[in-house]
Undergrad: 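Have a look at the structure that comes next, please.
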Amino acid sequence: MSTPLRLGTRRSLMATTQSGIVADRLTALTGREVELVGVTTFGDVSRAHLTQLGGTGVFVNDLRGRLLAGEVDFAVHSLKDLPTKQDERIALAAIPERDDPRDALVGPVRLRDLPAGARVGTGSPRRVAQLRLLRPDLEYVPIRGNADTRIGKVTSGELDAVVLAAAGLARIRRDGEIAQVFEVGEMLPAPGQGALAVECLADRDDLIELLSAVDDPLTRAAVAAERSVLAALEAGCAAPVGAFASGDGHILNLTATVVDVGGARSVRKSTSGPSPAAVELGRELAAAMIAEGADTLMGEQAH
Ligand SMILES: NCc1[nH]cc(CCC(=O)O)c1CC(=O)O
């Protein structure tokens, strides 16, 4: 009997749910037991300073610190929170099959049925920018906090609706309150949205091999293309950049957009190409978008 693998996870419901799903799938496929190790990250204890600390990257870095310290064997992150530049000491050992990549509106009615002037909460420039294209007559209110806190502002009447990732809502079992799931054509998700990243130390070859059991090559190719767009635009997770790719393992279809935060102008382009060239596909699409002025839309805050 081998010892259980230690999976480091934040203690939030969303984090423990997604860690538990990966743990169960790994055990089912490999027979290896997994033990969840709850970790309180620096980002969890000093939420107020999250903006100064550099957004969700703090959670990722804290869990990576536990890997480097040998306290846990592997970690599961929301892929869209990973910086585009990989730490070479850490291996992205698996990208499991993606959940719903789309954004969702939590509120009483669909976006088109909200009255003019309705207050819609979202902290994401990407969502605000695309929502402004759909409904320029609404008021967009920046909000922070976890998904429960955000939904609470609708329940309390402080806001009329909030927009969150459908996958995250499902993981905290609040998807019953979704009034509308946006089609990717009307609201491009963040690169990697709905996907998970399984990381361990880069020098643990046996563990990387074991974790590859939960890897999904179709998802891996799609998110590689999406993240390549983001990297080539030199944009971070707070940039008004949406990207979505899907494919059959041979051909990958990729669409990306950059919208100026005022929602007045946008650049949007699609392409397709062979799946193994996912990274090049994303890079070329970004270059074509920059040629159409995408970089001038991002503003200072995107860098
Ligand atoms: N930035 C926070 C974050 N990171 C991952 C998710 C949702 C789940 C996912 O995209 O996999 C969320 C919340 C949200 O955007 O609504």
Side-chain angles (χ1 to χ4, degrees), residues 9-22 41 43-44 47 50-51 53-63 75-84 92 94-107 120-131 140-154 159 161-175 177-182 184 187-199 214 216 219-220 222-223 226-227 230 235-246:
T9 180
R10 289 177 57 211
R11 297 177 198 272
S12 72
L13 179 58
M14 197 182 298
T16 53
T17 304
Q18 61 197 33
S19 295
I21 291 168
V22 173
T41 67
D44 291 315
R47 281 203 162 270
L50 256 192
T51 345
L53 291 170
T56 45
V58 251
F59 300 130
V60 172
N61 286 334
D62 208 318
L63 282 169
V76 174
H77 312 282
S78 290
L79 194 123
K80 78 170 180 186
D81 296 334
L82 288 192
T84 48
L92 225 178
I95 299 177
E97 189 181 346
R98 164 140 81 177
D99 292 327
D100 196 333
R102 299 173 297 174
D103 290 297
L105 184 86
V106 173
V120 179
T122 166
S124 147
R126 173 188 62 84
R127 289 179 181 140
V128 175
Q130 295 190 87
L131 287 164
Y140 297 101
V141 183
I143 52 167
R144 300 205 166 278
N146 64 26
D148 277 317
T149 310
R150 295 176 193 217
I151 298 168
K153 294 186 192 291
V154 179
L159 294 171
V162 291
V163 177
L164 292 156
L169 289 166
R171 289 178 199 139
I172 61 165
R173 293 171 210 102
R174 299 294 294 265
D175 46 335
E177 288 149 85
I178 293 175
Q180 175 179 5
V181 180
F182 295 99
V184 292
M187 169 93 115
L188 276 168
Q193 185 160 296
L196 300 174
V198 181
E199 290 190 334
V214 296
D216 178 54
T219 303
R220 189 181 269 274
V223 303
E226 295 163 13
R227 284 164 59 74
L230 196 63
C237 65
V241 175
F244 180 68
S246 62

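As the structure lists them, so they are numbered: ligands from 1, and atoms in each ligand from 1. When a residue number appears, it is its place in the shown sequence, counting from 1. Quantities reported herein were computed from a predicted structural model and do not represent experimental measurements.
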Undergrad: For ligand 1, which atoms have a heavy atom of Leu164 less than 4.0 angstrom away?
TA: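 With Leu164 as reference, the close atoms of ligand 1 come out as 16 (O).
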Undergrad: Does only the side chain of Asp81 get under 4.0 Å from ligand 1, or the backbone, or both, or neither? Count heavy atoms.
TA: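 The part of Asp81 near ligand 1 is the side chain, not the backbone.
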Undergrad: Do Val163 and Gln130 make a side-chain contact, defined as non-hydrogen atoms from C-beta onward lying under 4.5 Å apart?
TA: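 Counting from C-beta outward, Val163 and Gln130 never come under 4.5 Å.
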Undergrad: Pro191 and side-chain contact (heavy atoms from CB on, under 4.5 Å): which partner among Leu230, Val223, Leu79, Leu82?
TA: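 Option passing the side-chain contact (heavy atoms from CB on, under 4.5 Å) with Pro191: Leu230.
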Undergrad: Quick one: pull up CD1 in Ile143 and OG1 in Thr149 and give me the separation to the nearest 0.5 Å.
TA: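 The CD1 atom of Ile143 sits 9.0 Å away from the OG1 atom of Thr149.
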Undergrad: Is it true that Arg171 lies under 4.0 Å from ligand 1, counting heavy atoms only?
TA: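 Contact check Arg171 vs ligand 1: positive.
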Undergrad: Report the distance from atom CD1 of Ile151 to atom CG of Leu169, rounding to the nearest 0.5 Å.
TA: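 It is 5.0 Å, given to the nearest 0.5 Å.
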Undergrad: Which atoms of ligand 1 sit under 4.0 Å from any heavy atom of Gly168?
TA: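 Near Gly168, the atoms of ligand 1 are 7 (C), 8 (C).
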Undergrad: With heavy-atom distances below 4.0 Å as the criterion, list the atoms of ligand 1 near Lys80.
TA: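 Near Lys80, meaning under 4.0 Å from one of its heavy atoms, ligand 1 has 1 (N), 3 (C), 4 (N), 5 (C), 6 (C), 10 (O), 12 (C), 14 (C), 15 (O).
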Undergrad: Hey, are the side chains of Arg126 and Val241 touching, using non-hydrogen atoms and a 4.5 Å cut-off?
TA: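 They are not in contact (no side-chain heavy atoms under 4.5 Å apart), so the answer is no.
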Undergrad: With a heavy-atom distance limit of 4.0 Å, tell me whether Gln193 approaches ligand 1 through its side chain, its backbone, both, or neither.
TA: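 Near ligand 1, Gln193 shows its backbone as well as its side chain.
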Undergrad: Kindly confirm or rule out an N or O of Ala165 lying under 3.5 angstrom from an N or O of ligand 1.
TA: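 Yes: some nitrogen or oxygen of Ala165 is under 3.5 Å from one in ligand 1.
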Undergrad: State, yes or no, whether a side-chain contact exists between Asp99 and Arg171 at a heavy-atom distance under 4.5 Å.
TA: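 Yes. Closest side-chain heavy atoms under 4.5 Å.
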Undergrad: Report the part of Arg127 (side chain from C-beta onward, or backbone N, CA, C, O) that has a heavy atom under 4.0 Å from ligand 1; answer both or neither where that applies.
TA: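 Side chain only.
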Undergrad: For Gly194, state whether at least one heavy atom is located under 4.0 Å from any atom of ligand 1.
TA: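 True for this residue.
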Undergrad: Scan Glu177, Arg127, Gln180 and name whichever one has a side-chain contact (heavy atoms from CB on, under 4.5 Å) with Leu105.
TA: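 Answer after filtering Glu177, Arg127, Gln180: Gln180.
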